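The structure presented is a predicted model; accordingly, all values stated were derived computationally and were not measured. Below, each value reflects all heavy atoms present in this structure, side chains not excepted, and no hydrogens, waters or symmetry copies.
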Amino acid sequence: MRLLPLSLGRSFNALWFGTGAANLGDGMALFVLPLLAIAADASPGGVAAVTVALTLAWPVFGLHAGWIVDRVDRRILLSGVNLVRALVLSGLTIGHLTGTLSLPLLLAVAVLLGVAETLVDTALTSTIPMVVEPAGRNRANARIEATINVTNQLVGPPLAGLLASLTLALATGASAALYALAVAGIAMMALRRAPAEARTSGGGGVVAGFRYLWRQPVVRTLTLFTAVMNIPWAVATALLVVYAVSPGPLDLTAAQYGLVLTAMAVGGLLASAVVEPLRRRFGVTRLLIADAAGTVLLVAPAALGGPVWTVAAGAVIAGAGSSIWRILVATIRQNLSPPELLGRIYAASRVLSWGVIPAGAALAGVAAELWGVRVVFVLATGIAVVVLGVFVPYALRTDLSAAIEPKADRQPVA
């Protein structure tokens, strides 16, 4: 068996470090922002508005973010956006210490952070092909995914909670420092493509990436499958807490429900750590089919009224499958997309696949009011089963491995 090198190069390591620092800052900032709204005497509706403001950027600004990423030097963009985030969080720290925070200010900051996320996420996935050769991209995407899972979901929120228990200013100040640290890491990165070329690669306008995505059959189909699979995920995001936490059927405490979500994140982390050997052993097709089955397991236990261990197990399996899907599909998209359009193609894919989540969550809430939570989970399970039934024959007749696996690694799948 051929051993793969541990290092993917100095430039990737710089990008990797910057991603880790920025996502740790992200995880802390997103946790503390609603707490700042409460500290500013916002109403429950005002606190919810902060969360809504954080999610508006993808459907409103996503395509423009892709165009910007394809037009500028991505190293400068990543550094500049993280510097702005550091300054914004520093401003919140000062505002909290001086007692000048207000809900309108927090809403403006939430919108800015949302826009920053669209730019950074698009630039990140579009920069990997510029610092890693095709044979190493799946490992690079896996390392990035694992790092995001650890910093953004596992470490960031509890660390922010610990610092916020002392003072909210300490949590926002630490987040600002982490964004600044990310700038220092990214500054060490060298891109293969010249900045002059990067500045002239935006031909075709904002929607060029969407047009290419729609004409590329594999990228288009995987994006549409991702979007439909996100409907059950939207239901789980909106209603699993209602089903699980007392007075819901599972009668869990908030802390116990937090452990379920942590287990889901751990499942994603472990999967991202072993996705490369799994790919080499089982192949791309089988792994993607397994994730589609995992989406069924995310919602089926609640639909069937299963005990808590089935809900937790389904969440862990779904979290693992989701990480594997994101890693493999990101590599396929990177390998099948022209470098000069990759930012816009990623942004178009994200707008389509993530755009269903807020709408799906809102519809799930309305349906739960009308018919009950269990009925909505039954409907979500039905959608997940249909998606699985459609995806299996598509995956089996499409050579997805050709878009991701180096020829030397490819093995026949019985």
So which atom in [X] and which in [Y] form the shortest heavy-atom distance, rounded to 0.1 Å?
X	Y	answer
V242	V373	CG1-CG2, 3.9 Å
L342	S337	CD1-CB, 3.7 Å
L269	A146	CD1-O, 3.6 Å
A348	L63	CA-CD2, 3.6 Å
A208	L341	CB-CD2, 3.8 Å
A14	G185	CB-O, 3.3 Å

Could you give the distance from [atom1] ([X]) to [atom2] ([Y]), rounded to the nearest 0.5 Å?
X	Y	atom1	atom2	answer
M189	F12	CE	CZ	11.0 Å
Q216	T223	CD	OG1	9.5 Å
T295	L388	OG1	CG	8.5 Å
M130	R75	CE	CZ	9.0 Å
H96	L101	NE2	CG	7.5 Å
L87	L112	CG	CG	11.5 Å

I'd like to know if the side chain of [X] reaches the main chain of [Y], judged simply by a donor and an acceptor atom lying under 3.5 Å from each other, with no hydrogens or angles considered.
X	Y	answer
S246	D251	no
R333	V219	no
S79	I76	no
T93	L89	yes
T118	V115	yes
N152	I148	no
T172	A169	yes

Do [X] and [Y] have side-chain heavy atoms sitting under 4.5 Å apart?
X	Y	value
V311	L250	yes
D291	L287	no
R74	V69	yes
R344	Y212	no
L213	S349	yes
T398	T285	no
S272	I327	yes
I383	V299	no

*Taking only residues two or more places apart in sequence, or in another chain, which ones meet L363 in a side-chain contact (heavy atoms from CB on, under 4.5 Å)?*
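Not a single residue meets the side-chain contact (heavy atoms from CB on, under 4.5 Å) criterion with L363.
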
*Could you verify whether a donor N or O on one side chain and an acceptor N or O on the other, from S353 and T226, lie under 3.5 Å apart?*
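Looking only at side-chain atoms, T226 and S353 do not form any donor-acceptor pair under 3.5 Å.
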
_Check the orientation of F225 and F391. Use parallel for under 30°, tilted for 30 to 60°, and perpendicular for over 60°._
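Geometry flag for F391 against F225: perpendicular rings.
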
*asked:* Under the side-chain hydrogen bond (donor to acceptor under 3.5 Å, both in side chains) test against N138, which residue among R280, E276, Q334 passes?
replied: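 The option that passes is E276.
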
_Ring-ring centroid check W67 Y346, cutoff 6.0 Å_ =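 Here the rings of Y346 and W67 have centres that are no less than 6.0 Å from each other.
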
*Working for side-chain hydrogen bond (donor to acceptor under 3.5 Å, both in side chains), residues T19 and T147*: CA-CA 8 Å; T19 298; T147 300; over 6 Å; no

*Run the side chain to side chain contact (heavy atoms under 4.5 Å, CB included) check on Y394 and V218 step by step: do they pass?*
CA-CA 10 Å; Y394 166 77; V218 173; 4.2 Å; yes

_CA sep, side-chain torsions, deciding dist, call: E340, D70, side chain to side chain contact (heavy atoms under 4.5 Å, CB included)_ = CA-CA 6 Å; E340 67 275 9; D70 285 337; over 6 Å; no

_Does anything in residues 24-33 form a side-chain hydrogen bond (donor to acceptor under 3.5 Å, both in side chains)? List the pairs, not counting sequence neighbours._
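Passing the test, one end in residues 24-33: D26-R85, D26-Y179.
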
*Walk me through it: do M264 and V316 pass the test side chain to side chain contact (heavy atoms under 4.5 Å, CB included)?*
CA-CA 4 Å; M264 179 188 290; V316 172; 5.6 Å; no

*Residues R139, V275; criterion side chain to side chain contact (heavy atoms under 4.5 Å, CB included); working and verdict*: CA-CA 8 Å; R139 284 182 293 133; V275 64; over 6 Å; no

